[in-house]
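Notes for the one structure printed next.
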Amino acid sequence: MPIARSSRRAAAVSLAGVAALVLSGCGSQDDSGGASGGSVSLGFVNGSNTHFHTCLQKAVEQEAKAQDATVYSANSKQDAGTELSNIEDMIARNVDALIVQTVNVDALEGDIAKAKAAGVPIYLTSVATSDMANVLGAAVVDLKKVGGLDAGWIAKDAAGEDVKVGIVAGAPGAASDLLVGGFQDALPATAKVVANQPGMFNPAKAQDVAENMIQANPDLDYAFVANEEMAFAVRKAFDAAGAEDVKIVSVNGTEEGIAAIEDGRLSATVANSAMTIGRTAVKNAVGLLDEKEGVDKISNIPLVLVSKDNVTEAPQYCPK
């Protein structure tokens with residue numbers, strides 16, 4: 001995608017106050033919302049307010065400062081329409097590139113088309129599209145592999161026994177569908193999924209789902225929960241119902257999640273560091289804009305299955 005950063009930067013200077021959506025900024029910056037002193041301006045469109053998204057934003061902001069870049073942030077709050085509106089607002093700011101943590105992969109087609117028409121390249125976090133021709137790059141978490149790693153832990157732990165499994169998914173679309181699909185595909189034939197309900201990445205909702213799940217399936221053996229924040233609520237619901245023996249596997253590898261592995265509340269989690277994703281996104285977006293050699297268009301974020309056996313190997317999840 002042709003990139004004319006200098007011309008967009010000049011235009012940004014003439015659009016002082018064009019959009020009042022600045023939630024945070026790093027690097028050198030003037031009142032217009034453009035970058036000064038030769039730095040790059042980035043628009044970061046975040047997808048939600050979970051711990052993952054908060055840590056991701058912190059990582060983006062810190063790395064932007066290290067790269068002498070200005071970053072403007074907006075939050076889509078899990079709504080695809082808001083995401084597109086945020087992207088339009090960032091385009092109005094004449095940013096050099098957009099970093100997008102999408103709320104739904106189905107929404108990306110319209111997002112990418114809108115940005116392409118404006119000559120603003122998009123760099124994706126967590127997911128990639130099937131056609132990357134119109135995308136600057138991506139820092140990708142193989143979400144199907146994440147689910148598969150948790151399923152593999154269950155397979156090893158169950159050791160060939162017939163077991164019953166419950167799933168507390170996230171919000172339909174994007175990350176949750178890929179996570180759950182990868183988990184189900186990798187389960188052994190001896191593991192039967194007896195419940196699969198969305199917790200909407202909301203601990204209170206997840207707790208309600210878990211209460212109903214354990215009431216309907218008092219002989220449940222395992223539960224896969226699509227993030228650790230929900231997993232703590234699920235653990236609380238199971239314990240209150242006398243189901244302390246149900247083993248929970250989850251996703252993220254947060255500091256709290258690793259502590260829960262150590263004390264036995266969770267049995268396993270797959271660490272995919274928000275800090276690594278955010279830093280990779282900014283560093284690579286800037287490098288690709290400047291056409292630096294050796295910068296990969298697609299970067300795969302390392303994954304670590306963490307259980308009691310290897311808690312010391314968990315990567316740092318959130319920037320300090």
Side-chain angles (χ1 to χ4, degrees), residues 45-57 75-83 100-109 111 124-130 138-154 165-187 191 193-213 222-235 237 248-254 256-257 266 268-274 277 300-301 303 305 317:
V45 178
N46 208 347
S48 188
N49 293 309
T50 70
H51 184 56
F52 166 80
H53 294 89
T54 301
C55 292
L56 180 65
Q57 179 157 330
N75 198 300
S76 304
K77 299 178 181 177
Q78 293 189 181
D79 182 82
T82 302
E83 178 172 293
V100 178
Q101 172 70 29
T102 189
V103 302
N104 191 319
V105 290
D106 294 333
L108 280 175
E109 184 176 350
D111 297 343
L124 302 174
T125 56
S126 298
V127 298
T129 60
S130 56
V140 178
V141 176
D142 187 340
L143 295 171
K144 293 198 73 171
K145 183 178 180 181
V146 171
L149 288 169
D150 272 332
W153 185 89
I154 289 176
V165 180
I167 296 173
V168 180
S176 180
D177 291 353
L178 292 167
L179 283 169
V180 172
F183 175 76
Q184 289 179 301
D185 289 347
L187 280 174
V193 175
V194 295
N196 181 357
Q197 293 178 265
M200 302 304 294
F201 293 120
N202 181 305
K205 172 67 174 175
Q207 185 166 342
D208 288 341
V209 166
E211 288 169 355
N212 293 332
M213 184 179 294
Y222 298 93
F224 170 73
V225 186
N227 75 8
E228 290 165 358
E229 288 176 279
M230 293 195 299
F232 301 141
V234 171
R235 176 80 280 159
I248 298 174
V249 296
S250 192
V251 179
N252 283 151
T254 64
E256 295 86 354
L266 303 182
T269 194
V270 179
N272 55 310
S273 166
I277 297 169
N300 291 303
I301 302 303
L303 302 173
L305 176 68
Y317 184 80

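Keep in mind that this is a model prediction, so the values were computed, not measured.
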Residue pair [X] / [Y], side-chain heavy-atom distance below 4.5 Å:
{"X": "Thr102", "Y": "Val127", "value": "yes"}
{"X": "Asp142", "Y": "Asn300", "value": "no"}
{"X": "Asn252", "Y": "Tyr317", "value": "yes"}
{"X": "Leu303", "Y": "Val146", "value": "yes"}
{"X": "Ile167", "Y": "Val193", "value": "yes"}

Could you list the residues that satisfy salt bridge (charged side-chain N to carboxylate O under 4.0 Å, His left out) with Lys145, not counting sequence neighbours?
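None.
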Results of salt bridge (charged side-chain N to carboxylate O under 4.0 Å, His left out) for Asp208 - residues two or more places apart only:
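Expected list: none.
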Between Leu143, Val141, Asp150, Val270, which is the residue that forms a side chain to side chain contact (heavy atoms under 4.5 Å, CB included) with Leu179?
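The passing option is Leu143.
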Could you work out, with ring-ring contact (aromatic ring centres under 6.0 Å, His included) as the rule, every residue matching Phe201, not counting sequence neighbours?
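Per chain and number, Phe201 pairs via ring-ring contact (aromatic ring centres under 6.0 Å, His included) with no residue.
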Partners meeting side chain to side chain contact (heavy atoms under 4.5 Å, CB included) with [X] (sequence neighbours left out):
{"X": "Glu109", "answer": "none"}
{"X": "Ala237", "answer": "Gln207, Ala210, Glu211"}
{"X": "Thr125", "answer": "Leu56, Ile99, Gln101, Ile277, Ala281"}
{"X": "Asn49", "answer": "Asn75, Lys77"}

Within the side chain of Ser176, is there an N or O that forms a donor-acceptor pair under 3.5 Å with the backbone of Gly170?
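Answer holds: yes.
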For Pro172, is there any backbone N or O sitting under 3.5 Å from a side-chain donor or acceptor partner on Asp177?
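No.
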Between [atom1] of [X] and [atom2] of [Y], what distance do you get to the nearest 0.5 Å?
{"X": "Glu83", "Y": "Ser48", "atom1": "CD", "atom2": "OG", "answer": "11.5 Å"}
{"X": "Ile248", "Y": "Arg235", "atom1": "CD1", "atom2": "CZ", "answer": "4.0 Å"}
{"X": "Ser126", "Y": "Asn272", "atom1": "OG", "atom2": "CG", "answer": "7.5 Å"}

Pairing residues for [X] by the side-chain hydrogen bond (donor to acceptor under 3.5 Å, both in side chains) criterion, not counting sequence neighbours:
{"X": "Thr129", "answer": "none"}
{"X": "Gln184", "answer": "none"}
{"X": "Asn196", "answer": "none"}

Please list, one pair per line, the donor and acceptor atoms closer than 3.5 Å that link side chains of residues 224-233 to other protein atoms, with sequence neighbours excluded.
from   : atom 1 : to     : atom 2 : distance (Å)
Asn227 : OD1    : Glu229 : N      : 3.4
Asn227 : OD1    : Met230 : N      : 2.9
Glu228 : OE1    : Thr254 : N      : 3.0
Glu228 : OE1    : Thr254 : OG1    : 2.4
Glu228 : OE2    : Gly253 : N      : 2.7
Glu228 : OE2    : Thr269 : OG1    : 2.6
Glu229 : OE1    : His51  : N      : 3.0

Looking only at non-hydrogen atoms, find the nearest pair between [X] and [Y] and report the distance.
{"X": "Ala171", "Y": "Gln78", "answer": "CB-NE2, 4.0 Å"}
{"X": "Val103", "Y": "Ser76", "answer": "CG1-CB, 3.9 Å"}
{"X": "Ala268", "Y": "Leu305", "answer": "CB-CD1, 4.2 Å"}
{"X": "Ala169", "Y": "Val180", "answer": "CB-CG2, 3.8 Å"}

